[in-house]
Each structure stands twice: as structure tokens, then as C-alpha cells.
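The structure appears right after this line, and notes come after that.
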Amino acid sequence: MQDQTVQTNFTLAQLADPAMAASEKILRTCVHCGFCTATCPTYLLLGDELDSPRGRIYLIKDMLEGGKPASPEVVRHVDRCLSCLSCMTTCPSGVHYMHLVDHARAHIEKTYPRPFGDKVLRAILALVLPYPARFRLALRAARLGQPLKGLVGRLPQVGNRLAAMLDLAPAAMPARNPTNRPGTFPPQGGRAAKRVALLRGCAQSVLRPDFNEAAIRLLNRHGVEVVHAQEGCCGALTHHMGKEDAAHAHAKQAIDAWDAEIAKGLDAILVTASGCGTTIKDYGFMFRDDPAYAEKAARVSGLAKDVTEFVATLPLTAPVVESDLVVAYHSACSMQHGQGIRTEPKALLTKAGFTVKEVPEGHICCGSAGTYNILQPEIAEKLRARKVGNIERIRPDVIATGNIGCATQIGKGTAIPIVHTVELLDWATGGPKPAALDAVRPRLAAAE
């Protein structure tokens with residue numbers, strides 16, 4: 001029996017809505033083949049068809065086609081989706097699951113009355129995480145509250161999630177970084193060969209400002225002028241919670257800031273957090289029907305690149321540091337599945353002199369997924385344990401990744417230091433040794 005495409009029965013009135021028309025087209029692409037179930041993290045853990053992409057597609061189709069408000073069943077299974085997009089890599093039919101689940105989340109946000117505690121928690125996340133000053137204050141409060149984690153965890157409805165928030169807070173706050181500000185950072189040694197904008201980000205700029213600092217040094221050293229615009233949050237965090245209005249407001253601010261820089265001449269808009277990069281590259285789709293932003297959004301999306309994508313095009317200087325460190329490269333889901341970037345980071349690290357090892361089950365999510373490790377802590381913890389176990393099996397000296405969420409999530413489960421890929425590239429080409437590696441002794445020196 002051959003696979004059959006999904007049959008839909010949307011009305012003409014429903015299809016007049018561009019979002020509904022786009023989702024109907026995606027639904028008709030699915031052929032029920034089930035290949036997606038083999039690589040879906042929640043299906044692998046829970047074994048429930050409704051916690052697979054195919055099962056969620058059935059639920060979303062029924063909800064949207066029937067014009068129904070979201071039911072508790074739909075919400076439960078869609079909320080459990082990580083948006084890791086492993087299913088999109090696996091799918092032989094090209095089902096654009098990302099746009100479908102984004103539409104479902106927006107519909108849930110508009111039609112489902114969440115329990116009070118859940119609603120308040122989500123509102124707090126949306127009001128805090130995208131704003132660095134607020135987020136810094138929240139992290140300080142979380143540090144004070146960590147001794148009470150056990151008590152907090154017993155609170156009804158949201159206790160487990162509040163405990164997860166406390167657990168994810170860093171033991172010490174990073175010092176304020178002089179490069180974490182709007183401004184221009186000129187290249188070393190004269191005239192710029194290229195000019196790029198670099199996303200400062202929201203959570204990353206507080207948790208790991210050293211990521212962007214290393215990127216700026218690396219780019220400046222290779223003749224690239226770097227601009228930090230007044231872009232603010234890219235909108236990814238609220239977008240994945242279905243909060244369309246907030247997400248679009250953040251995105252519009254970023255688009256306006258970068259479009260002003262494009263007018264002055266930009267070769268690229270670079271992102272050091274791949275979760276943000278996936279969303280920014282999708283701005284053209286998000287604003288396709290907005291007459292004021294469609295053209296600007298498409299320009300921004302067209303210039304958006306992960307930092308490793310761009311660095312791979314530069315003639316990097318030969319390594320000035322000899323290192324025998326073994327690097328486990330963790331490819332974030334948003335990098336490998338969302339953006340299709342799989343070879344560039346590993347090739348760059350190898351060229352820089354590191355021994356790069358593949359992580360077993362590298363296509364399976366670590367459980368970070370934006371705010372997922374807060375909103376679905378039990379599933380996230382199981383995925384982290386699975387990921388850490390696979391990393392530790394290959395006995396690396398250091399873990400490299402390109403996403404702040406993964407660095408935070410994995411870092412809470414292992415003593416192996418975790419750094420951004422650009423930190424290692426910066427060090428190899430003349431920058432300082434990443435602080436996370438201070439306690440790591442090179443293998444050759446240890447053998448002497």
C-alpha cells in the first residue's frame with residue numbers, strides 16, 4: 001500500500017487567512033510515512049504516537065480544520081514538542097513542520113485558557129528573558145532562592161518548573177563585558193575588508209558575554225568590522241511560546257535596527273546563538289504579508305548567517321596555538337536541523353588543529369529548546385542525561401557548541417567544560433585561552 005498525502009477540508013473562508021492557507025499546504029505535503037517517528041525525541045522517550053510529529057500533525061489538522069479552540073489534549077502534546085526539527089531533516093516529503101507547529105502554538109495562545117499558574121509563569125518568562133537588565137536581576141534573585149529549591153518544588157502546578165528555573169541559574173554571574181554594548185568594533189591593521197552586524201542577544205549577553213567577545217576578536221583579527229546595533233531580542237523566545245504579538249514586536253525592532261545598518265553597507269548579519277539564527281532567517285516568512293515589513297524582513301533574512309557560516313568563508317590565519325585537545329562538537333538542533341549547518345563548524349575546528357569527535361546520537365535534542373527545559377523539566381532532564389551520557393562516552397577534553405541554550409543545559413549535567421566554537425577558533429588564531437579551559441591539562445603535557 002502506497003503512502004497517501006493528507007486530505008484536507010478547509011473552507012474557502014478559512015483559506016482566505018494566509019496563515020491557514022500556509023498550514024493547509026504543509027498538511028497536504030505529509031504522506032503519513034512515519035519516518036519522523038524514528039528521530040523524534042519525545043516519541044523515543046514516551047512511545048506515544050501523539051507525541052510524534054505525525055501524531056501532532058493529526059491533532060493540529062483536526063483543530064485548525066474544524067475551527068476549534070485548542071483542547072487540553074492538543075495543548076499537552078504540542079507543548080511537549082521541542083521544535084528541535086529533527087523531523088524536518090528526516091522527512092522525505094519536505095513537510096515544513098516548523099511553520100505548522102508555530103501556527104498551532106499561536107492558535108493555542110489565542111484560544112486556550114491555560115491554568116492560572118501556567119499562564120503566569122509563561123507571562124513572566126516573556127517579560128523577563130528577552131530583556132537583559134530584567135534577566136540579570138532575575139538570576140540574582142534565583143541565586144538567593146536556590147537553597148529553597150526543594151520547598152519551591154513542592155508548590156502545586158508550577159513547583160517543578162520553578163525548581164527547574166532555580167537549577168538553571170549560574171552559580172556565579174559573569175562580569176559585565178566591555179564589548180556588550182551598541183557600537184562599532186574596527187578591524188586590526190587598517191581598513192575593513194568586510195562589515196557585519198552581530199546580534200548581541202538577550203539571555204546570552206547576560207549568561208555568556210564571552211561568546212560574542214571571542215567572535216568580535218576573531219572577526220577583527222581577520223579584517224572584519226563588527227557592528228552591535230540597537231536590535232534587542234530577536235523574538236525567538238516568545239515566538240516559540242506562541243506569543244505572536246510580542247515576538248513580532250521584538251522582531252520589528254531588530255529588523256529596523258539592521259535595515260538602518262544595511263543602508264550603510266553590510267556583508268552579513270551574524271548570530272552566535274543558533275536558536276536565534278533560525279528565527280531570524282525566517283523573518284521573510286514571518287512578515288511575508290506585512291506591507292511595511294515584508295521587504296525589509298526579507299533583506300535581513302537574506303543576510304543572516306551563523307557566525308561559523310561566515311567564518312568558513314574567510315581566509316583564516318594558520319593556528320598559532322598547538323593543541324591536542326579532543327573536542328566533542330555538539331550540533332544544536334537549531335543549527336543542524338533548523339539551518340542545515342552540519343559540516344562548517346567541525347571543519348573549522350579541525351583546521352584549527354583540534355581533534356573533533358562526533359557525538360553519538362548527535363541528531364537527538366539535549367532538552368534545552370528555548371524555554372522547554374523550564375516548561376517541561378522532566379522530559380528535558382531525561383534528554384540531558386541521554387546527551388551527557390553520549391558525550392562522556394567519547395571522553396573529550398572540551399565540548400564545543402554554537403547555542404547558548406545547549407551550553408547552559410548540557411553544562412548543568414557534566415563537569416566537562418563547554419565553550420562556543422568561536423572561542424576555540426579565536427584562541428587557535430591568536431586570542432586568549434577560553435577561561436573554561438583553565439583547568440584542562442593538554443594530553444601531551446600530562447603524559448610527560
Side-chain angles (χ1 to χ4, degrees), residues 3-10 14 19-112 114 118 122 236 239-244 275 278-279 282 285 333-334 337-338 363-365 367-373 375-380 382-383:
D3 295 323
Q4 299 292 320
T5 58
V6 170
Q7 300 300 306
T8 60
N9 292 290
F10 289 87
Q14 286 177 308
M20 199 69 76
S23 289
E24 193 262 354
K25 184 177 179 181
I26 295 167
L27 288 167
R28 284 191 290 106
T29 309
C30 179
V31 298
H32 308 290
C33 67
F35 286 156
C36 57
T37 62
T39 58
C40 174
T42 50
Y43 182 74
L44 293 178
L45 285 181
L46 304 173
D48 186 337
E49 173 75 13
L50 295 180
D51 283 313
S52 74
R54 183 171 63 179
R56 292 183 180 111
I57 285 171
Y58 278 116
L59 292 173
I60 293 167
K61 174 183 179 293
D62 180 66
M63 176 178 69
L64 296 180
E65 195 175 62
K68 304 172 183 176
S71 67
E73 181 186 42
V74 171
V75 173
R76 180 169 63 256
H77 294 294
V78 171
D79 279 357
R80 286 179 183 167
C81 175
L82 292 129
S83 283
C84 69
L85 309 181
S86 183
C87 55
M88 286 179 57
T89 296
T90 310
C91 180
S93 303
V95 176
H96 206 304
Y97 179 80
M98 180 177 83
H99 289 160
L100 182 65
V101 78
D102 285 346
H103 183 195
R105 288 192 168 120
H107 185 80
I108 288 169
E109 182 69 13
K110 292 172 184 173
T111 65
Y112 182 70
R114 289 186 180 273
D118 191 22
R122 288 169 176 268
H239 180 64
H240 292 311
M241 287 194 284
K243 296 182 180 294
E244 255 186 343
T278 301
T279 297
D282 204 43
F285 178 83
C333 296
S334 47
H337 305 310
H363 61 288
I364 299 296
C365 185
S368 171
T371 58
Y372 191 93
N373 51 4
L375 296 174
Q376 300 286 334
E378 289 83 10
I379 296 174
K382 290 177 182 177
L383 288 171

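Computed over heavy atoms, backbone and side chain alike; hydrogens, waters and symmetry mates excluded. Residue numbers run from 1 in the order of the sequence given.
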**Study point:** CA sep, side-chain torsions, deciding dist, call: Thr279, His239, side chain to side chain donor-acceptor pair (under 3.5 Å)
**Key:** CA-CA 8 Å; Thr279 297; His239 180 64; 5.5 Å; no
Review point. Can you tell if the side chain of Thr42 reaches within under 4.5 Å of the side chain of Gln376, non-hydrogen atoms only?
Key: no
Review point. Heavy-atom distance under 4.5 Å between the side chains of Cys91 and Tyr97, does that happen here?
Key: no
Exercise for review: Begin from the C-alpha positions of Asp79 and Arg114 and carry the test salt bridge (Lys or Arg N to Asp or Glu O under 4.0 Å) through to its verdict.
Suggested key: CA-CA 12 Å; Asp79 279 357; Arg114 289 186 180 273; 2.9 Å; yes
**Study point:** Donor-acceptor contact below 3.5 Å, side chain Ser52 vs main chain Tyr43
**Key:** no
Exercise for review: Could you tell me whether the side chain of Lys25 reaches within less than 4.5 Å of the side chain of His96, counting heavy atoms only?
Suggested key: no
Check your understanding: What's the spacing between Leu46 CG and Ile379 CD1 if we round to 0.5 Å?
Key -> 5.0 Å
Practice item. Using a 4.5 Å cut-off on heavy atoms from C-beta on, say whether the side chain of Tyr372 contacts that of Arg80. Key: yes
Review point. Quick one: does Thr29's side chain have a donor or acceptor within less than 3.5 Å of a partner on Val95's backbone?
Key: no
Exercise for review: Keeping the roles fixed (side chain from Glu109, backbone from Lys243), state whether a donor-acceptor pair exists under 3.5 Å.
Suggested key: no
Revision key, fill the gap. Rounded to the nearest 0.5 angstrom, the CZ-CD distance for Arg56 and Glu49 is 10.5 Å
Exercise for review: State, with a plain yes or no, whether a side-chain heavy atom of Leu82 is found less than 4.5 Å away from one of Pro41.
Suggested key: yes
Point to revise | More than 12 heavy atoms from other groups under 6.0 Å of OH on Tyr112 | key: yes
Exercise for review: Determine whether Val78 and Ile108 make a side-chain contact, defined as any pair of heavy atoms from C-beta on separated by less than 4.5 Å.
Suggested key: yes
